[in-house]
Amino acid sequence: MRDLGKGFGFLLQGQRWVGRHGRWLGFGLLPGLVTLVLYAAALVGLLYGAGDLTGWATSFADGWPSYWRDLFRGFLTALLFVLALFLAVITFTAVTLLVGQPFYESLSEAVDRSEGGRVPGTGLPFWRGLWISARDSLRIVLRVAFYGVLLFALGFVPVIGQTAVPVLGFCVSGYFLTEELTAVALQRRRLGLKERLRLLRGRRMMALGFGVPLTLAYMVPFVAVLLMPGAVAGATLMARELAPDPEDAPHPGPAAGPGAPAPAPHGLRED
């Protein structure tokens with residue numbers, strides 16, 4: 001339980017950090033606002049076109065009695081919109097991080113710099129780093145979607161579906177949200193997706209303490225935009241604990257002898 005409180009503490013520390021550094025908060029709102037506008041436009045477009053889309057996809061029902069046809073198509077339209085909302089929620093952070101990658105990397109570096117020690121860097125060209133981030137984000141989204149479908153099916157189980165399943169859903173979303181946010185700092189520490197997930201599994205309660213409250217807050221769209229800069233700052237503080245920079249630790253001197261292992265080459269590991 002101590003790690004649970006520690007994760008929540010990192011979230012609060014991140015919000016306080018951007019509060020003390022106002023310019024980072026101001027600039028940090030822009031990527032989230034851009035993403036929110038794009039998502040809102042897409043959802044409004046879907047809202048107006050979903051009926052026509054389901055009508056086209058269910059042309060086989062044209063000959064049904066009007067009551068059953070309209071009921072069937074109305075259900076499919078509602079289901080389509082719910083699925084679109086679910087997809088928007090699980091991809092919002094990933095898309096915002098991609099849209100604002102240069103800024104969020106700079107913000108993460110500023111947090112590292114303010115805490116002292118060496119500021120790590122991936123050593124990768126911008127487009128290469130963007131590709132790796134996009135690929136890893138897609139992998140995380142697919143994982144979340146898989147668990148989402150599984151939990152949706154379990155939701156029809158009496159009692160469990162109305163009690164345990166919603167809690168598990170928030171835990172899954174919070175865990176993977178933490179992964180996406182800590183990835184900004186951990187990628188600069190040259191850690192690939194598999195290594196990042198391994199680190200979070202080792203401190204699962206801390207990841208939940210950070211991600212679950214944030215997931216609950218992200219249920220309100222404008223709150224998600226406001227909290228995003230502080231979430232990246234807090235995730236960077238967490239990353240410093242999850243993976244302390246080995247170059248800040250003492251290195252063996254010449255006494256280690258010629259048989260000592262060579263230092264690991266720099267560069268982000270790819271999974």
Side-chain angles (χ1 to χ4, degrees), residues 1-18 28 32 86 89-98 101 104-105 107-108 111-112 115 120 132-133 135-148 150-151 164-220 223-224 227-246 268-269 271:
M1 296 301 292
R2 180 183 177 186
D3 262 1
L4 194 68
K6 201 166 191 177
F8 185 62
F10 281 127
L11 179 59
L12 295 180
Q13 289 174 43
Q15 301 302 324
R16 285 198 296 265
W17 192 94
V18 295
F86 173 72
V89 169
I90 67 174
T91 60
F92 180 83
T93 299
V95 173
T96 302
L97 289 174
L98 288 176
Q101 188 187 35
Y104 290 127
E105 284 193 356
L107 168 59
S108 181
V111 174
D112 267 327
E115 294 298 307
I132 293 174
S133 296
R135 183 197 61 189
D136 289 351
S137 294
L138 179 60
R139 290 177 176 179
I140 292 299
V141 167
L142 290 176
R143 282 176 165 86
V144 176
F146 169 77
Y147 286 115
L150 181 61
L151 290 171
V165 169
V167 175
L168 288 174
F170 280 115
C171 288
V172 169
S173 299
Y175 180 82
F176 286 111
L177 178 60
T178 301
E179 194 290 323
E180 288 182 302
L181 290 166
T182 53
V184 178
L186 292 177
Q187 281 180 349
R188 291 192 297 104
R189 287 162 170 77
R190 307 176 182 90
L191 297 177
L193 178 60
K194 290 181 180 178
E195 293 169 299
R196 299 198 302 268
L197 289 174
R198 178 181 56 79
L199 287 174
L200 289 177
R201 281 195 299 269
R203 305 293 295 275
R204 188 176 284 109
M205 295 304 291
M206 187 166 70
L208 293 176
F210 184 91
V212 172
L214 199 57
T215 300
L216 292 170
Y218 274 21
M219 299 296 289
V220 183
V223 173
L227 294 183
M228 192 69 182
V232 173
T236 301
L237 296 172
M238 182 187 294
R240 292 175 64 87
E241 173 152 334
L242 288 170
D245 192 342
L268 177 65
R269 298 182 182 92
D271 298 323

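Counting only residues at least two apart or in different chains, salt bridge (Lys or Arg N to Asp or Glu O under 4.0 Å) contacts with residues 170-184 comprise Glu179-Arg196.
You'll find the side chain of Arg139 stays beyond 4.5 Å of the side chain of Leu142, heavy atoms only. Side chains of Thr93 and Phe176 form no contact here, defined as non-hydrogen atoms less than 4.5 Å apart.
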Side chain to side chain contact (heavy atoms under 4.5 Å, CB included) between Met238 and Leu11, worked out: CA-CA 9 Å; Met238 182 187 294; Leu11 179 59; over 6 Å; no
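With sequence neighbours excluded, the residues forming a side-chain contact (heavy atoms from CB on, under 4.5 Å) with Leu4 are Met1, Met205, Leu208, listed by chain and number. Annotation: side-chain contact (heavy atoms from CB on, under 4.5 Å) contacts of Ala207 (sequence neighbours excluded): Tyr175, Thr178, Leu200. For Val95, the side-chain contact (heavy atoms from CB on, under 4.5 Å) test picks out Thr35, Tyr39, Thr91, Val99, with sequence neighbours left out. Residues satisfying the side-chain contact (heavy atoms from CB on, under 4.5 Å) test with Gln13, not counting sequence neighbours, are Phe10, Arg16, Leu237.
With values rounded to the nearest 0.5 angstrom, Glu241 atom CD is found 3.5 Å from Lys6 atom NZ. We find the OG-CG distance between Ser173 and Leu168 to be 10.5 Å, quoted to the nearest 0.5 Å. Atom CG of Leu193 and atom CG of Asp136 lie 4.5 Å apart (nearest 0.5 Å). To the nearest 0.5 angstrom, Glu105 atom CD is 10.0 Å from Leu97 atom CG. To the nearest 0.5 Å, atoms OG1 (Thr236) and CZ (Arg189) are separated by 7.5 Å. Rounded to the nearest 0.5 angstrom, Leu138 CG and Arg143 CZ are separated by 10.5 Å.
Heavy atoms only, all atoms of each residue included: Tyr147 and Val172 are closest at CB-CG1, 3.8 Å. In this structure, Ser108 and Arg188 approach most closely via the heavy-atom pair OG-NH2, 2.7 Å. The shortest heavy-atom contact between Gly14 and Ala233 is O-CB, 3.7 Å. Closest approach of Gln15 to Val18, counting heavy atoms only: O-CG2, 3.2 Å.
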Give the table of side-chain donor-acceptor pairs shorter than 3.5 Å for residues 209-220, with sequence neighbours excluded, one pair per line with atom names and distance.
unit_1: Thr215; atom_1: OG1; unit_2: Gly174; atom_2: N; d: 3.4
unit_1: Thr215; atom_1: OG1; unit_2: Gly211; atom_2: O; d: 2.8

